[in-house]
Participant: 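Here's a structure for you.
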Number of protein chains: 2
Amino acid sequence: MADDKIRNMEEFARMSGISRPTVSKYFNDPASVRASTRTRIEAALEQYDYRPNIYAMNQNRKLTKNVGVVVPLLSDPYFAEIARNLEQRCIAAGYRPTLFSSHGDPAFEVEVLETLRSLKPAGVLLAPLGRASDRKALEKFCEDVPTLIFDSSVDEIGLAFVGSDNFQFTAHITDYLCRTGEPPCFFEMKTPANPNAHRRRQSYLNAMEEFGHSPDVISVEGEGWGFEEIGRLGGHEVLDQGRFSTNTILCSNDRLAIGLLTACYEKNIRVGRGDDCAIRVAGQDGHPHSRYTCPPLTTISHNYDAVSQTAAEALFTAIEGQVSPWKSTRLEGKLILRDSA
Amino acid sequence: MADDKIRNMEEFARMSGISRPTVSKYFNDPASVRASTRTRIEAALEQYDYRPNIYAMNQNRKLTKNVGVVVPLLSDPYFAEIARNLEQRCIAAGYRPTLFSSHGDPAFEVEVLETLRSLKPAGVLLAPLGRASDRKALEKFCEDVPTLIFDSSVDEIGLAFVGSDNFQFTAHITDYLCRTGEPPCFFEMKTPANPNAHRRRQSYLNAMEEFGHSPDVISVEGEGWGFEEIGRLGGHEVLDQGRFSTNTILCSNDRLAIGLLTACYEKNIRVGRGDDCAIRVAGQDGHPHSRYTCPPLTTISHNYDAVSQTAAEALFTAIEGQVSPWKSTRLEGKLILRDSA
DNA sequence: ATGTAAATTTTACGCGCGTAAAGTTATTCG
DNA sequence: CGAATAACTTTACGCGCGTAAAATTTACAT
């Protein structure tokens, strides 16, 4: 490997004895050049291991291969997992994903979108912060860049929406809980940071009414994204005050449930469906960690694969020219029965 | 807001009645232009809300403000947390972090580095995959780009290394376990994917010898990054076969410990330090989730803040011209006593 | 051998901006 | 008020590549 440091495509083209435009064409699509040319380029590639500058490539391209992936908060394992899933799909489809976290901050979310404009992405997979999002900024962005909204919908913006059917989620698990024991009360944050919380509360209320039970929503204090700790502290308070009206608690999400389970542990309250257990606790999300709580958490899980596949494919077909009207796809969750409820 | 869509700096400069180079200078450092000019630019900014294209900016700049942050796997909450921490510090220091995950794959790690070259970063904060990493590729990258290695060291490459002192980690918690009960055996993966595993095993062996106990390393099967499940399945197997020679188990990392705790739960084995408990389990890392296991996990925690602060600052001073010889900084962990051991 | 289509090269320009040099205007100071 | 010094503008070029059009070469069939 005679590594005389190739600096740009010009130099590489000279070294391989082929014109730069043809080399450019090769990198754009190796099959678009004559076989003999391809061989020569690939031989030179072995010798000088040159790679085009991706950001310079995209500068003057009609359609880039960039795809932006934006999630509200990467340190939440749920978003980390779905982001990883989406990234893999982008790569598999020949796109270049770039991952961004909004860090739970609406202002930063707008910042991320501005950065994304500079990237000139062919498309964007965006999980907005939800209620906290700057609607107008999102809308404007969606007008300029093909954007698919996932996880949490904001009006009817973008190409389409793909997410879980939160109404089905909560209705389904509420139904399960009602059929197998006392009807649940609903444990949530008073001012939830995560996007789908309101939908789930509403769905709980609807379901309880439909099943002929009186609902009981318990909202605990707490700011930010430290849901486990909010669930734990809130759990202690509510348990101390005996505010749970039933022995069955449906949490707005798994992280809250995990905190509540810890509070129960600390209070020596047995959780589960056995006769020796005092309460049942269920979550919602299918959080990667829900399998490893004690007791393992009964939850209704997002269909991670289906959501990310549907979202990614919808974006790709839109990028590739298919025009279709705005559509909302809400996928059903799957009840995961474990020991906690 | 007369939004006649400004397309580039040229147009914006024309609209604000100022030359493009001066506008460019303004965006580079607002204080570098006359106050009256600044006012005019900022007035125009209000009207047309234009933003320079970041990637075009960096194309021909001597020193960019880009900083790459690379971690082995973003869906591991430990890395997610430290990455978030680093990102915030970069932003606070006026840099533009771009986050990358190696997806646990050495080939992809190299891919990420190639992408990073195109970004022309002023510096990179790199947590390598470790043993699995392509040493030569890393080395080459570090020669070209100012790179600070963190979390897991690979030879003496890059500007410096900042991480936790795994020897101190394991020695410290081993010492604690010895002083408070039976000496621990060591629970690990046979072929660990994470980088610091070997150091920790070695440190366990050293510590046990020093304390005059005979060590016992138990390595369980399992591939990949699903540590909890590996810990759970391995735990079942080892418990079934009665292969734990003592009642105290030190796990190579918290995620493994979380899985082992689940196995114990499933086997109805009480974990903790009470008289009614059969075994003690301890982890290592201070994983965000370790607080919420049942029982809460005793562990030795990375000093997240100190590691990320030291790493970030070391990189920034290097970027800003300070030349200093390669140095390895290993920060001590803090023992977090909880109920599991 | 000849014609034709495909591939390639040449040439030229563009993307959105940084940056250096030289000339012009504005500000400051004695 | 004139000179010195900033600050600014103009001009010109560069970064690393895409892309379009015209000219040339190559491949393949007849």
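Numbered from 1 within each chain, the chains take letters A, B, ... in sequence-line order. In what follows, every heavy atom counts, from backbone to side chain, and hydrogens, waters and symmetry copies are set aside. It should be emphasised that the depicted structure is a prediction, and the values quoted were computed from it without experimental measurement.
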Participant: From C:dC15, C:dA12, D:dT10, pick the nucleotide closest to the side chain of A:Q59?
Facilitator: C:dC15
Participant: Please work out if A:T37 contacts a base, only the sugar-phosphate, or nothing of the nucleic acid, heavy-atom cut-off 4.0 Å.
Facilitator: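 Counting heavy atoms under 4.0 Å across all strands, the contact made by A:T37 is with sugar-phosphate only.
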Participant: Nearest whole angstrom, please: distance from the C1' of D:dC17 to the CG of B:N53.
Facilitator: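 Result: 14 Å.
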Participant: Closest to the B:R61 side chain: D:dG18, C:dT19, D:dT19?
Facilitator: C:dT19
Participant: Any chance CZ of A:R38 has more than 12 other-residue heavy atoms, nucleotides or ligands included, within less than 6.0 Å?
Facilitator: yes
Participant: What nucleotide among C:dG18, C:dA20, D:dT19 has an atom nearest to a side-chain atom of A:P21?
Facilitator: D:dT19
Participant: B:N58 near the nucleic acid: base, sugar-phosphate alone, or nothing, with a heavy-atom cut-off under 4.0 Å?
Facilitator: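 No contact at all - B:N58 keeps every heavy atom at 4.0 Å or more from the nucleic acid.
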Participant: Return the orientation label for the B:Y50 and B:F12 ring planes: parallel under 30°, perpendicular over 60°, tilted otherwise.
Facilitator: parallel
Participant: Could you tell me whether the side chain of A:R20 has a donor or acceptor atom within less than 3.5 Å of a complementary atom in the base of D:dG16?
Facilitator: no
Participant: Mind calculating the distance between CG (B:D29) and C1' (C:dT19) to the nearest angstrom?
Facilitator: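 Whole-Å distance recorded here is 15 Å.
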Participant: Would the distance check show the side chain of B:N196 and the main-chain N or O of B:D151 forming a donor-acceptor pair, the cut-off being under 3.5 Å?
Facilitator: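 Checked: pair present.
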Participant: For B:R34 and C:dA26, what is the distance between atoms CZ and C1' respectively, to the nearest whole Å?
Facilitator: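 About 5 Å, once rounded to whole Å.
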Participant: Roughly how many Å is it from CZ in A:R40 to C1' in C:dT8, rounded to a whole number?
Facilitator: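 So the two atoms are 10 Å apart, to the nearest Å.
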Participant: Counting just side-chain N and O atoms, does B:N8 come under 4.0 Å of either OP1 or OP2 of C:dG14?
Facilitator: no
Participant: Using the side-chain heavy atoms of A:A56, tell me which of these nucleotides is nearest: D:dT9, D:dG16, C:dT9.
Facilitator: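 Taking heavy atoms from C-beta onward, the closest nucleotide is D:dG16.
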Participant: Nearest whole angstrom, please: distance from the P of C:dC17 to the CD1 of B:I54.
Facilitator: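 Result: 10 Å.
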Participant: What is the separation between atom CZ on A:F12 and atom P on D:dC15, rounded to the nearest whole Å?
Facilitator: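 Taking atom P of D:dC15 as the reference, CZ of A:F12 is at 19 Å.
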Participant: Assuming nearest nucleotide by heavy-atom distance, tell me which of B:P52 and B:S36 is located more 5' along DNA chain C.
Facilitator: B:P52
Participant: With heavy atoms under 4.0 Å as the rule, sort A:S32 into base, sugar-phosphate or nothing.
Facilitator: sugar-phosphate
Participant: At 4.0 Å (heavy atoms only), tell me whether B:K25 reaches a base, stays on the sugar-phosphate, or touches nothing.
Facilitator: nothing
Participant: Check every strand shown and say whether B:Y50 touches a base, only sugar-phosphate, or nothing at a heavy-atom separation below 4.0 Å.
Facilitator: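 B:Y50: backbone/sugar contact only, no base atoms under 4.0 Å.
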Participant: When you look at B:T39 and B:S36, which way does the side chain to side chain donor-acceptor pair (under 3.5 Å) test go after all the steps?
Facilitator: CA-CA 5 Å; B:T39 313; B:S36 64; over 6 Å; no
Participant: Could you tell me the separation between the CD1 atom of A:I18 and the P atom of D:dT25, rounded to a whole number of Å?
Facilitator: 17 Å
Participant: Between the side chain of A:K120 and the main-chain N/O of A:Q59, is any donor-acceptor distance below 3.5 Å?
Facilitator: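 The answer is yes, because a donor-acceptor pair under 3.5 Å joins these two groups.
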Participant: Could you verify whether a donor N or O on one side chain and an acceptor N or O on the other, from B:R96 and A:T115, lie under 3.5 Å apart?
Facilitator: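 Yes.
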Participant: Which nucleotide in the list C:dG18, C:dA20, C:dC15 gets nearest to the side chain of A:K120?
Facilitator: C:dC15
Participant: Between A:S24 and D:dG18, does any side-chain N or O lie under 4.0 Å from OP1 or OP2?
Facilitator: yes
Participant: Tell me the interatomic distance from B:Y26, atom OH, to D:dA7, atom C1', rounded to whole angstroms.
Facilitator: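 Computing the B:Y26:OH to D:dA7:C1' distance gives 16 Å.
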Participant: It should be established whether B:T22 places a side-chain nitrogen or oxygen under 4.0 Å from OP1 or OP2 of nucleotide D:dC8.
Facilitator: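 For D:dC8, OP1/OP2 do not have a side-chain N/O of B:T22 under 4.0 Å.
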Participant: With respect to the side chain of B:N60, which nucleotide from D:dT9, D:dG14, C:dA20 is positioned closest?
Facilitator: D:dG14
Participant: Report the residue (B:M9 or A:A35) whose heavy-atom-nearest nucleotide on DNA chain C is the more 5′ of the two.
Facilitator: A:A35
